[in-house]
K.L.:
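Before we start, here is the structure in question, set down as structure tokens.
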Amino acid sequence: MFILEVSMANVKEKYEDSLLYRIRHSAAHIMAQAVLEKFPEGKVAIGPPIEDGFYYDFDLPRALTPEDLESIEKRMRGIIQSGVNFEKKVISADEAKKLFHDQPFKLELIAGLESGELDDDGNPTDVKPEISIYTQGGFTDLCRGPHVENSRQINPTAIKLMNVAGAYWRGDEKRPMLQRIYGTAWSKPDELKDYLWRLEEAKKRDHRKIGQELDLFSINEEVGAGLVLWHPKGARIRKLIEDFWSQEHINNDYDFVYTPHIGKAQLWETSGHLGFYKDNMYSPVDIEGQQYFLKPMNCPFHLHIYKNSLRSYRDLPIRYAEEGTVYRYERSGVLHGLMRVRGFTQDDAHHFCRPDQMPAEIDFVLSFSLHILRSFGFSEIHAYLSTRPEKSVGDPAMWEDAETALQESLDRSGLDYDVDRGGGAFYGPKIDLKVKDAIGREWQLSTIQFDFNEPERFDLTYIGEDGQPHRPYMIHRALLGSLERFFGVLIEHYAGAFPVWLAPVQAAMIPIADRHLDYARQVAQELKKAGLRVIVDDRPERMNAKIRDAQNQKIPYMLVIGDKEQESGQVALRLRNGENPGPIPVADFIARAHAEIAAKS
RNA sequence: GCCGACAUAGCUCAAUCGGCAGAGCAGCCGCCUUGUAAGCGGCAGGUUAUGGGUUCGAUUCCCAUUGUCGGCUCCA
């Protein structure tokens, strides 16, 4: 009943208008007060509410320790329980400057407010905002609000400081590094408990942990940071993904191409990568006095394949697909398991089409993309349309065409989408697709991008009905994004319990005693013939141990075999969710497995 | 790259104040022949990430490097 009430109350209310938002904002101020009591010489920056909590940035004389966080949190409880009021006051810029004369970050914010260009988060704004301060206890902060009226509205047992992290002032890496304390705050202790539980759940699904436990992949210091080793079980899943992917592309009139991992400097000059992407590219290798670069993208090669023949308008659309492995320089601090690596394989494709084919081509690639994502169990998909930025290349009329086509296609698709005006790349507008995983986190996978730049640079043409050369439209797309990252997302989505069609081992034969081994092997042969991936657990272990191990390996089907099964030609089926359907004939099991594989469930 | 934390057996983790580096699991050997989440016993396993330094003596203290983690910036 309680839950119903809250969800109904929150349906229409925006987060910014909610009590919880004010609680978190006020908790941030109370934290700042506690920190300044501890470090009177500390400088305060900004402290907004965020999803699930709040943070506040400080410039302090020394690095904070976990013990500091404990004492700050304790002091916060004290302040909250003392019941201080939050009082707002509107003041002039001069008064503000005087008040915050020893707080350089605040002075900078005041200057921004005064000039009317920036709001108190430092974001550009059109309205010249008023300058307001909030005071609680002995602490006064420059702040737009809103806050709770009294600290007693904050439940002292529903807040927790989480961690300290470095953060640049105003997010600018050229500016000072501050210490950011992250905290979380809720209306009730149960909600805090629930939040901490969700964090635990996310931790359990961490693809780095599961990757180790299920022996799927590793990243080795001696091999190099950000370079992935796919172990047999991970590789098997990748192969299954790739096989499905290939078949779907064949069914949808793609041509496969293969291209090299390096190309001459001139290629990357022509494509423009050495101009606008050099920071992400590795140093060149010298081959007989010529410079070659490791490829950060596949497109230039595909463009050359297109250019290798004269193309007729009758040939279009042309769709070239490649699982192309690219290498990009990523700064050491950003590497993260499979999600952010230095070498990865894109499920890449480039479409070349005539202007009149373009809307249909977008429709196709969008629905194809959805089909692929849904096949992997992602049903909640959100789209983002990014349009022409201020600095762009290409004829504005083409941009207009392309953006209209993208938007109309989105409308037809029935997808929810947001428009990011001016958020496109300089070379073309795009649609990105994000999927929601099993615990509600969003991951960007697909991207569908127009490119007005490269066809121009490589002078791509096709001969039209009029016998004249024309410039084709080019669309660059990746559906899964990168196989590495997609695999990471899959692992977290399924928490390692992959659907049967993707499970590296689909069935474990579990003979109870040695005398059942022959029958187990015989059934295993039968299952292999039926196309199933099966192992026989022939270790001299107890059945219970074998079940436990199969369960921990998240093998979908456990087939227990004892005297009864052997005599009746059956297998005793147990599922990884703990369900125990019991003995069934081998043929029935095969039929059941085939059905689940076909359904991709 | 930047801020902070961390790096001990294949894995997960101990080791007090600077004084002989330890456990569980996994592995190997043996016994048990088992009915739905770990049977029992034994053996083996280490240049304490790497390289320097301080010290009679360093897993422990200091410096550098590599890598990992949490963020920032960036991003498939």
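Each chain gets a letter, A, B and so on, in the order its sequence line appears, and its residues count up from 1.
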K.L.:
OP1 or OP2 of U73(B) less than 4.0 angstrom from a side-chain nitrogen or oxygen of R331(A), does that happen here?
P.N.:
no
K.L.:
Does a nitrogen or oxygen in the side chain of R180(A) sit under 4.0 Å from OP1 or OP2 of G4(B)?
P.N.:
no
K.L.:
With sugar-phosphate meaning primed atoms plus P, OP1 and OP2, does A550(A) contact a base, only sugar-phosphate, or nothing at under 4.0 Å between heavy atoms?
P.N.:
nothing
K.L.:
Pick base, sugar-phosphate or nothing for Y182(A), based on heavy-atom distances below 4.0 Å to the nucleic acid.
P.N.:
sugar-phosphate
K.L.:
According to a strict under-4.0 Å criterion, is T447(A) in side-chain N/O contact with OP1 or OP2 of A76(B)?
P.N.:
no
K.L.:
Going by 5.5 Å between centroids and 30° between planes, is there a stack of F344(A) over A76(B)?
P.N.:
yes
K.L.:
Tell me what D172(A) touches on the nucleic acid: a base, only sugar-phosphate, or nothing, going by heavy atoms under 4.0 Å.
P.N.:
nothing
K.L.:
If I pick the P atom on U54(B) and the same atom on A15(B), what distance separates them, to the nearest angstrom?
P.N.:
29 Å
K.L.:
Using the C1' atom on both, measure C29(B) against G45(B) and round to a whole Å.
P.N.:
14 Å
K.L.:
Over how many whole Å does the gap from E221(A) atom CD to C69(B) atom P extend?
P.N.:
12 Å
K.L.:
Under a 4.5 Å cut-off applied to non-hydrogen side-chain atoms, are R170(A) and E108(A) in contact?
P.N.:
yes
K.L.:
What about D514(A): does its side chain form a donor-acceptor pair under 3.5 Å with the base of U33(B)?
P.N.:
yes
K.L.:
Side-chain contact, heavy-atom cut-off 4.5 Å: E242(A) with L483(A)?
P.N.:
yes
K.L.:
Using Watson-Crick or G-U wobble geometry with both distances under 3.5 Å, which nucleotide pairs with C61(B)?
P.N.:
G53(B)
K.L.:
Do the ring centers of F301(A) and W268(A) come within less than 6.0 Å of each other?
P.N.:
yes
K.L.:
I'd like the P distance from G67(B) over to U50(B), given in whole Å.
P.N.:
15 Å
K.L.:
With distance as the sole criterion, do the side chain of E330(A) and the base of A76(B) form a donor-acceptor contact below 3.5 Å?
P.N.:
yes
K.L.:
List the steps, then state whether side chain to side chain contact (heavy atoms under 4.5 Å, CB included) holds for I535(A) with M509(A).
P.N.:
CA-CA 6 Å; I535(A) 55 159; M509(A) 309 291 308; over 6 Å; no
K.L.:
Keeping the roles fixed (side chain from R24(A), backbone from A185(A)), state whether a donor-acceptor pair exists under 3.5 Å.
P.N.:
yes
K.L.:
Tell me what A513(A) touches on the nucleic acid: a base, only sugar-phosphate, or nothing, going by heavy atoms under 4.0 Å.
P.N.:
base
K.L.:
Expressed as a whole number of angstroms, how long is the span from F58(A):CZ to G71(B):C1'?
P.N.:
15 Å
K.L.:
Have a look at K546(A) and say if it touches a base, only the backbone sugar-phosphate, or nothing, with a 4.0 Å heavy-atom cut-off.
P.N.:
nothing
K.L.:
Among A38(B), G67(B), A37(B), which nucleotide sits nearest the side chain of I547(A)?
P.N.:
A37(B)
K.L.:
Rounded to whole Å, please give me the gap between CE in M543(A) and P in U36(B).
P.N.:
5 Å
K.L.:
Tell which nucleotide pairs with G1(B), taking only Watson-Crick or G-U wobble pairs whose two distances are both under 3.5 angstrom.
P.N.:
C72(B)
K.L.:
Identify the nucleotide, in any strand shown, that forms a Watson-Crick or G-U wobble pair with G24(B), with both distances under 3.5 Å; if there is none, say none.
P.N.:
C11(B)
K.L.:
Return the nearest nucleotide to the side chain of V334(A); candidates are C74(B), C32(B), G67(B).
P.N.:
C74(B)
K.L.:
Using a heavy-atom cut-off of 4.0 Å across all strands, would you classify G166(A) as base, sugar-phosphate, or nothing?
P.N.:
base
K.L.:
Taking the C1' atom in each of A38(B) and G71(B), what is the distance between them to the nearest angstrom?
P.N.:
39 Å
K.L.:
Mind checking the P distance from U59(B) to A76(B)? Whole angstroms is fine.
P.N.:
46 Å
K.L.:
Which whole-number value in Å describes the distance from L178(A) CG to G70(B) P?
P.N.:
21 Å
K.L.:
Heavy atoms only, 4.0 Å cut-off, all strands: where does A63(A) land among base, sugar-phosphate and nothing?
P.N.:
sugar-phosphate
K.L.:
To the nearest Å, how far apart are I512(A) CD1 and A37(B) P?
P.N.:
12 Å
K.L.:
Quick one: which of C74(B), C2(B), U33(B) gets closest to the side chain of R340(A)?
P.N.:
C74(B)
K.L.:
With a 3.5 Å limit on both atom pairs, tell me what C31(B) is paired to, counting Watson-Crick and G-U wobble, or say none.
P.N.:
G39(B)
K.L.:
G18(B) and A58(B): how far apart are their C1' atoms, nearest whole angstrom?
P.N.:
6 Å
K.L.:
Any N or O donor-acceptor pair under 3.5 Å from the base of C69(B) to the side chain of R208(A)?
P.N.:
no
K.L.:
In whole Å, what is the span from the CD atom of E541(A) to the C1' atom of C40(B)?
P.N.:
11 Å
K.L.:
Would you indicate which nucleotide in G70(B), G67(B), A37(B) comes nearest to any side-chain atom of R574(A)?
P.N.:
A37(B)
K.L.:
Using a 4.0 Å heavy-atom cut-off, does N280(A) contact any base of the nucleic acid, only the sugar-phosphate backbone, or nothing at all?
P.N.:
nothing
K.L.:
Measure from CZ on R62(A) to P on G4(B) and round the result to the nearest Å.
P.N.:
13 Å
K.L.:
Contact class for Q212(A) vs. all strands (heavy atom < 4.0 Å): base, sugar-phosphate, or nothing?
P.N.:
sugar-phosphate
K.L.:
Could you give the distance from CZ (F486(A)) to CE (M339(A)), rounded to the nearest 0.5 Å?
P.N.:
11.0 Å
K.L.:
Would you mind telling me which of G1(B), G70(B), G35(B) lies closest to the side-chain atoms of Y329(A)?
P.N.:
G1(B)
K.L.:
State the pairing partner of C6(B); accept Watson-Crick or G-U wobble contacts with both distances under 3.5 Å, and report none otherwise.
P.N.:
G67(B)
K.L.:
Does R542(A) make a side-chain donor-acceptor contact with the base of C32(B), cut-off 3.5 Å?
P.N.:
yes
K.L.:
Base, sugar-phosphate, or nothing: which does G171(A) touch, judged by heavy atoms less than 4.0 Å apart?
P.N.:
sugar-phosphate
K.L.:
Hey, is the main chain of K546(A) close enough, under 3.5 Å, to the side chain of E541(A) for a donor-acceptor pair?
P.N.:
no
K.L.:
What's V341(A) touching, base or sugar-phosphate or nothing? Going by heavy atoms closer than 4.0 Å.
P.N.:
base
K.L.:
Report the relative orientation of the aromatic rings in H382(A) and Y384(A); use parallel for angles under 30°, tilted for 30 to 60°, perpendicular for over 60°.
P.N.:
tilted
K.L.:
If I take atom CE in residue M339(A) and atom P in nucleotide G70(B), what distance separates them, rounded to the nearest angstrom?
P.N.:
11 Å
K.L.:
Respond yes when some side-chain nitrogen or oxygen of H336(A) is under 4.0 Å from OP1 or OP2 of G70(B), and no when none is.
P.N.:
yes
K.L.:
Hey, does Q551(A) reach any base, or is it just sugar-phosphate, or nothing, if we go heavy atoms under 4.0 Å?
P.N.:
base
K.L.:
Mapping L338(A) and R548(A) to their closest nucleotides on RNA chain B, which lands nearer the 5' end?
P.N.:
R548(A)
K.L.:
Starting from the 5' end of RNA chain B, give me the residue, N163(A) or R328(A), whose nearest nucleotide shows up first.
P.N.:
N163(A)
K.L.:
Do K295(A) and Y327(A) come close enough that some side-chain heavy atom pair is under 4.5 Å?
P.N.:
no
K.L.:
Describe the nucleic acid contact of E565(A) in one word from base, sugar-phosphate, nothing, applying a heavy-atom distance below 4.0 Å.
P.N.:
base
K.L.:
CG/L406(A) to CZ/F450(A) distance, rounded to the nearest 0.5 angstrom?
P.N.:
5.0 Å
K.L.:
Measuring only the P atom in each nucleotide, how far is U12(B) from A49(B)? A whole number of Å is fine.
P.N.:
15 Å
K.L.:
When you measure from the side-chain N and O atoms of R539(A) to the phosphate of G39(B), is any distance below 4.0 Å, counting only OP1 and OP2?
P.N.:
no
K.L.:
Compare the minimum distances between each of G39(B), A76(B), U68(B) and the side chain of S482(A), then state the nucleotide with the smallest one.
P.N.:
A76(B)
K.L.:
Under 4.0 Å, heavy atoms only, any strand: does L335(A) hit a base, just the sugar-phosphate, or nothing?
P.N.:
sugar-phosphate
